[in-house]
There are 2 protein chains.
Amino acid sequence: MWLRVDARSSVPMYQQIVDEVKARVAQGLLKPGDRLPSVRELAGMLTINHNTIAKAYQELERQRVIEVVRGRGTFISETGQASDVQARKQTMVDTMRKLVVEAHHLGMNETDLLRLFQRVLAQWREQREGEK
Amino acid sequence: MWLRVDARSSVPMYQQIVDEVKARVAQGLLKPGDRLPSVRELAGMLTINHNTIAKAYQELERQRVIEVVRGRGTFISETGQASDVQARKQTMVDTMRKLVVEAHHLGMNETDLLRLFQRVLAQWREQREGEK
DNA sequence: CGTGTGTACCGGTACATATGGTACACCTTC
DNA sequence: GAAGGTGTACCATATGTACCGGTACACACG
């Protein structure tokens, strides 16, 4: 039903939660207005500390993925509310540049890389359609 | 002439060296057989500890970007020697998936994302041609 | 031998992560 | 008003790991 975290992963648990929520929003599995479990509730489900959940929620709120209403709960934000848009786009460009470098070292040329990216995009679209 | 590192960056100094060397190899500024400065020599240029350089070189060797010959020096490997090709390709795919998610949260659709990627590729090609 | 190479080891510092506990401010509901 | 649920702000603590530096060692070459 809800998400899982791997305590032994090199990716911090709070980061796994952030990534998973963002992915579900992007795929439309979570829609604006949807309510997330409370920090203590989710902490109970995952048997981890509530502070860890709180840290994840704070990061999601910082990115404007969720909105927090004291005393009521946390909810998925309306779309188009992202923060730091310019900086985050620049980060995306930097990531792409590193992809180009890595591709070269793995023996891929620009065409190979572009095709791989298009394949990932196609898979994404399939999954999004399939979930509808 | 040679590279620089920023001690105050959040990216570790050894990682900056790894990234920079890989980028230069990918751009053709460093060719197979080229010799890198010795750990102490480069440490002197950058006024940092030689162990930091050694750590960068070890990571580069692990990825088969360079080859180390005790007592002689370190040299750029022949192309097509990359290690862990499958795992590294999977990492690239994971990175691309996260790009798709992030793009969505920044209000970009698949077409926007693809165009941005193509622009980065074009810039890369320009730079590579310009350096020749 | 001497010199130059990379490397292994140890230690100190700092930071990130996660936990546990307590308390507080806010909202909804009874 | 009272009660209970919400996120939050603390604190202290523990743990693991990243980072960097100093020293000493092993190997290759001449």
Side-chain angles (χ1 to χ4, degrees), chain A residues 2-22 25 30 32-77 81 83 91, chain B residues 2-21 30 33-77 81 83:
Chain A
W2 250 86
L3 40 84
R4 290 173 300 171
V5 294
D6 179 7
R8 293 165 308 174
S9 166
S10 64
V11 180
M13 292 192 288
Y14 83 92
Q15 186 66 50
Q16 295 177 43
I17 297 171
V18 170
D19 293 341
E20 186 67 20
V21 169
K22 286 181 70 176
V25 171
L30 286 174
D34 284 355
R35 185 176 179 279
L36 269 54
S38 76
V39 289
R40 290 176 182 79
E41 196 177 352
L42 186 50
M45 297 184 204
L46 305 179
T47 59
I48 61 181
N49 193 271
H50 64 267
N51 282 322
T52 303
I53 311 292
K55 184 168 184 176
Y57 281 13
Q58 282 164 13
E59 175 61 19
L60 286 167
E61 190 194 24
R62 197 190 64 77
Q63 295 184 21
R64 310 262 175 89
V65 176
I66 64 176
E67 282 176 6
V68 168
V69 187
R70 274 184 106 111
R72 293 209 51 228
T74 65
F75 307 87
I76 305 296
S77 299
Q81 300 294 319
S83 62
T91 301
Chain B
W2 250 85
L3 41 83
R4 290 173 302 172
V5 294
D6 179 8
R8 293 165 309 175
S9 166
S10 65
V11 179
M13 292 193 286
Y14 84 92
Q15 187 66 50
Q16 295 178 43
I17 297 171
V18 170
D19 294 340
E20 186 67 20
V21 170
L30 286 174
D34 283 356
R35 185 176 180 278
L36 269 54
S38 76
V39 288
R40 288 177 181 79
E41 195 176 352
L42 185 50
M45 297 184 202
L46 306 178
T47 57
I48 61 181
N49 192 274
H50 64 266
N51 279 322
T52 302
I53 312 293
K55 184 168 184 176
Y57 281 12
Q58 281 164 16
E59 175 61 19
L60 286 167
E61 188 193 26
R62 196 190 65 77
Q63 295 184 20
R64 310 265 175 88
V65 176
I66 63 176
E67 284 175 7
V68 167
V69 187
R70 272 185 110 112
R72 292 211 51 228
T74 67
F75 306 86
I76 304 295
S77 299
Q81 301 294 318
S83 62

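Owing to the predicted nature of the structure, the values given are computational and were not obtained by experimental measurement.
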Exercise. What nucleotide, of C:dT7, D:dT8, C:dG20, holds the atom closest to the side chain of A:E61?
Worked result: D:dT8
Seminar exercise, completed: From CG of B:L46 across to P of D:dG21 the rounded distance in Å is 11 Å
Exercise. How long is the line joining CG of B:N49 and C1' of C:dG11, in whole Å?
Worked result: 13 Å
Exercise. For C:dG20, does either OP1 or OP2 sit under 4.0 Å from a side-chain N or O belonging to A:N51?
Worked result: no
Exercise. Are A:T52 and C:dT17 close enough that a side-chain N or O sits under 4.0 Å from OP1 or OP2?
Worked result: no
Exercise. Is the phosphate of D:dT6, meaning OP1 or OP2, less than 4.0 Å from a side-chain N or O of A:S38?
Worked result: yes
Exercise. Do A:V25 and A:I66 come within less than 4.5 Å of each other through their side chains, counting heavy atoms only?
Worked result: no
Exercise. Can you check the A:R35 CZ to C:dT28 P distance for me, whole Å?
Worked result: 12 Å
For this session: Give a yes/no answer on whether the side chain of A:K55 brings an N or O atom under 4.0 Å of OP1 or OP2 in C:dA18.
Result: no
Problem set entry | Whole-Å gap separating P (D:dG7) and CD1 (A:I17) | 13 Å
Exercise. OP1, OP2 of C:dA16 versus side-chain N and O of A:Q15: anything below 4.0 Å?
Worked result: no
For this session: Write down the distance between CG (B:L36) and C1' (C:dT5), rounded to a whole number of angstrom.
Result: 13 Å
For this session: May I ask you to test the B:F75-B:D34 pair for a side-chain heavy-atom distance under 4.5 Å?
Result: no
Exercise. In whole angstroms, how far is the C1' atom of C:dA18 from the CD1 atom of A:I48?
Worked result: 9 Å
Exercise. Going by distance alone, is a donor N or O of one side chain under 3.5 Å from an acceptor N or O of the other, for A:Q16 and A:E20?
Worked result: no
Problem set entry | N/O donor-acceptor pair under 3.5 Å between A:T52 side chain and A:Y14 backbone | no
For this session: Measure the shortest side-chain to side-chain distance between A:L36 and A:L42 over non-hydrogen atoms and say whether it is less than 4.5 angstrom.
Result: no
For this session: Output yes when a side-chain donor or acceptor of B:T74 lies under 3.5 Å from a complementary backbone atom of B:E67, and no otherwise.
Result: no
For this session: Select one nucleotide: of D:dC20, C:dT7, D:dG7, the one nearest the side-chain heavy atoms of B:Q58.
Result: C:dT7
Seminar exercise, completed: To the nearest angstrom, the CD-P distance between A:Q16 and C:dA18 comes to 8 Å
Exercise. Under 4.0 Å between a side-chain N/O of A:Y14 and OP1 or OP2 of C:dT17, yes or no?
Worked result: yes
Seminar exercise, completed: Letter by letter from the 5' end, nucleotides 24-30 of chain D scores (B base, S sugar-phosphate only, - none; protein heavy atoms under 4.0 Å) B-BSSS-
For this session: Nearest whole angstrom, please: distance from the P of C:dG4 to the CZ of B:F75.
Result: 16 Å
Exercise. Could you walk me through whether A:V68 and A:Y57 pass the side-chain contact (heavy atoms from CB on, under 4.5 Å) check?
Worked result: CA-CA 9 Å; A:V68 168; A:Y57 281 13; 5.5 Å; no
